[in-house]
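Input: a single structure, listed below in structure tokens.
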Number of protein chains: 2
Amino acid sequence: MATKQRGRPRSFDRETALEQAMQAFWEHGYDAVSIADLTRAMDIKAPSLYAAFGDKRTLFEEAVEAYVHSYAVFTVKTLAEAPTARGAVDRLLHEAAVSHTLPGLPRGCLLISAATNCSEQSSDVAEALKERRNAGIAFIERRIAADVAAGVLPAETDARALAVYTGTVLQGMSQQARDGADRATLEAVADFAMQAWPPEHAGETSSDAG
Amino acid sequence: MATKQRGRPRSFDRETALEQAMQAFWEHGYDAVSIADLTRAMDIKAPSLYAAFGDKRTLFEEAVEAYVHSYAVFTVKTLAEAPTARGAVDRLLHEAAVSHTLPGLPRGCLLISAATNCSEQSSDVAEALKERRNAGIAFIERRIAADVAAGVLPAETDARALAVYTGTVLQGMSQQARDGADRATLEAVADFAMQAWPPEHAGETSSDAG
DNA sequence: CTCTTTCTTTAGCGGTTGCTACAGAAAGAC
DNA sequence: GTCTTTCTGTAGCAACCGCTAAAGAAAGAG
């Protein structure tokens with residue numbers, strides 16, 4: 001049933017090329033990476049790029065998906081699986097300290113830093129990443145609110161503010177990683193950040209909430 | 001003694017034009033703002049821009065200076081004048097909540113967000129802002145270390161990590177402001193952030209240190 | 001007035017941008 | 001082998017990039 005692909009086969013590995021494009025976008029951002037930069041990084045010519053990935057914007061969107069799949073799925077996983085919101089965020093911050101300073105890869109988080117400086121005509125690219133970031137914070141907020149409802153976190157906890165605080169630290173850590181902070185420093189930052197969290201009511205979890 | 005200026009006088013106000021350029025850079029970043037964008041925002045033609053400000057990079061540097069003078073001098077002032085490092089940072093974070101969300105102005109902090117996505121050939125612009133950010137953190141670190149030495153903060157306080165934590169929150173707040181967080185939310189973030197700070201030893205100040 | 005100085009304007013430089021038409025190359029179908 | 005399909009490389013499109021030469025306009029000096 002599987003009829004063989006007709007015509008001349010592609011001479012490059014699509015996944016590898018996408019990975020190279022992703023790293024270029026990760027390091028310099030959407031607007032700052034030109035098609036010439038991409039074809040150099042991916043080691044293919046422009047027509048091959050356009051045939052395989054559409055246009056620059058579509059390639060970027062696919063690169064974002066690849067980034068999420070490779071380096072950010074742990075976020076959702078951690079938030080969903082950890083027994084409490086506090087434990088989840090603690091792990092999240094420490095995992096960020098690691099993933100933002102991986103050797104041989106660009107610093108920081110692509111979702112945070114790849115579309116900060118955008119011209120007017122690519123403002124929708126910036127908007128898309130902004131919505132991803134805010135969705136992440138909303139996700140953390142729901143996790144916190146569940147723990148508040150379950151009595152794990154104090155009833156007076158402002159779930160929204162605590163979630164935004166957590167997102168603020170995460171986004172600041174990305175910037176710090178790009179500015180040269182190493183993993184150990186970011187781990188120390190994560191430890192400090194967790195001391196602002198309200199204490200948990202021991203002996204209870206909200207793992208059934210969500 | 002004051003001989004009058006010869007030749008045709010400038011038909012625009014240099015400071016006003018610089019202010020417009022600064023806001024354009026503030027909102028979109030160095031690379032994403034073209035000369036055409038600038039001449040439109042400043043309401044002058046390109047040769048007038050080049051005659052008055054040199055080239056794009058020089059104009060950006062002057063815009064950064066103008067930004068610091070208008071919106072960031074309070075930082076150094078606060079750090080130098082507040083009786084303790086803790087009090088200084090507390091004021092700093094709340095002032096940031098205000099200045100990052102001023103109505104009618106771009107969101108966030110120019111020093112943090114105006115050179116995040118840079119092409120290779122303008123990497124020195126990014127480097128210059130990065131050094132400003134790290135110098136700010138080093139300044140906070142010295143203020144903390146002085147309080148530790150004076151016994152105001154616990155002896156075991158890691159001044160470097162606490163300073164980087166503070167910078168992380170400040171930079172995250174800028175990102176949050178750009179992502180839509182309002183002043184009240186950022187103030188709540190600032191309050192959370194301060195709860196990670198170690199307690200002060202009451203009845204003592206380090207106002208003589210520095 | 002003329003002369004000099006400095007600004008403003010028009011017009012356009014060489015280079016780069018994202019993107020593509022077109023011809024040639026490499027595969028399967030027959 | 002030929003035909004069809006699909007990818008690759010060359011070469012180049014219109015539009016924009018940062019920047020500037022050249023000419024005209026507006027001021028003071030004489």
Side-chain angles (χ1 to χ4, degrees), chain A residues 1-18 20-21 24-25 28-63 114-115 117-126, chain B residues 1-18 20-21 24-25 28-63 114-115 117-126:
Chain A
M1 53 175 70
T3 55
K4 268 237 175 169
Q5 175 89 355
R6 301 246 309 199
R8 178 174 176 174
R10 182 176 288 132
S11 67
F12 61 93
D13 182 55
R14 195 180 186 282
E15 268 193 54
T16 305
L18 179 59
Q20 298 304 318
F25 284 131
H28 298 289
Y30 176 76
D31 263 347
V33 173
S34 67
I35 298 292
D37 293 332
L38 288 168
T39 57
R40 202 179 307 118
M42 302 162 85
D43 198 26
I44 59 177
K45 299 294 165 60
S48 298
L49 186 156
Y50 282 91
F53 298 102
D55 61 0
K56 186 184 176 184
R57 183 151 315 181
T58 310
L59 171 58
F60 179 74
E61 284 161 11
E62 198 169 338
N117 304 138
C118 276
S119 56
E120 299 278 7
Q121 71 258 28
S122 56
S123 60
D124 51 340
V125 172
Chain B
M1 52 177 72
T3 55
K4 267 234 172 174
Q5 175 90 353
R6 302 247 309 203
R8 179 174 175 174
R10 181 177 287 130
S11 67
F12 61 94
D13 182 55
R14 196 180 184 280
E15 268 193 52
T16 305
L18 178 59
Q20 297 305 316
F25 283 132
H28 298 289
Y30 177 76
D31 264 347
V33 173
S34 68
I35 297 292
D37 293 332
L38 288 168
T39 57
R40 201 178 309 116
M42 302 163 86
D43 197 26
I44 58 177
K45 300 295 166 58
S48 297
L49 186 156
Y50 282 91
F53 299 102
D55 61 0
K56 186 184 177 186
R57 182 151 315 179
T58 310
L59 171 58
F60 179 74
E61 284 161 11
E62 198 169 338
N117 303 137
C118 276
S119 57
E120 299 277 8
Q121 69 257 29
S122 54
S123 59
D124 51 340
V125 173

Worksheet item: Would you find a donor on one side and an acceptor on the other, under 3.5 Å apart, between the side chain of Asn117(A) and the backbone of Asn117(B)?
Response: yes
Practice prompt. Compare the minimum distances between each of dA25(C), dA27(D), dT9(C) and the side chain of Arg8(A), then state the nucleotide with the smallest one.
Written response: dA25(C)
Worksheet item: In whole angstrom, what separates Arg6(A)'s CZ from dG28(C)'s P?
Response: 11 Å
Fill in: Between dC19(C) (C1') and Phe60(A) (CZ): distance, integer Å
19 Å
Practice prompt. Send over the distance from Arg14(B) CZ to dC7(C) P, rounded to a whole Å.
Written response: 11 Å
Fill in: Atom-to-atom span, CZ of Arg40(B) to C1' of dC17(D) - whole angstrom
13 Å
Practice prompt. Whole angstrom is fine here: how far is it from CD1 in Ile44(A) over to C1' in dC19(C)?
Written response: 14 Å
Worksheet, complete the sentence: note: Arg10(B), atom CZ; dA27(D), atom C1'; distance rounded to Å ~ 14 Å
Discussion item. Do Gln121(A) and Asp31(A) make a side-chain contact, defined as non-hydrogen atoms from C-beta onward lying under 4.5 Å apart?
Written reply: no
Response to the item:
By nearest-nucleotide position on DNA chain D, the 5'-leaning member of Pro9(B) and Gly54(B) is Gly54(B)
Discussion item. Less than 4.0 angstrom between a side-chain N/O of Ser48(A) and OP1 or OP2 of dC7(D), yes or no?
Written reply: no
Worksheet entry | Distance, rounded to the nearest Å, where Phe53(B) contributes CZ and dC19(D) contributes P | 14 Å
Item to complete: May I ask you to check if Lys56(B) and Tyr30(B) form a cation-pi contact, with NZ or CZ under 6.0 angstrom from the six-membered ring centre and within 45° of the axis?
Response: yes
Worksheet item: Which letters describe nucleotides 11-18 of chain C, given B = protein heavy atom under 4.0 Å from base, S = only from sugar-phosphate, - = neither?
Response: ------SS
Worksheet item: In whole Å, what is the span from the CG atom of Leu49(B) to the P atom of dC7(C)?
Response: 13 Å
Discussion item. Does Arg14(A) qualify as a cation-pi partner of Phe12(A), given the criterion of NZ or CZ under 6.0 Å from the six-membered ring centre and within 45 degrees of its axis?
Written reply: no
Response to the item:
Result for 5'-nearest mapping on DNA chain C, choosing between Phe12(B) and Gly7(B), is Gly7(B)
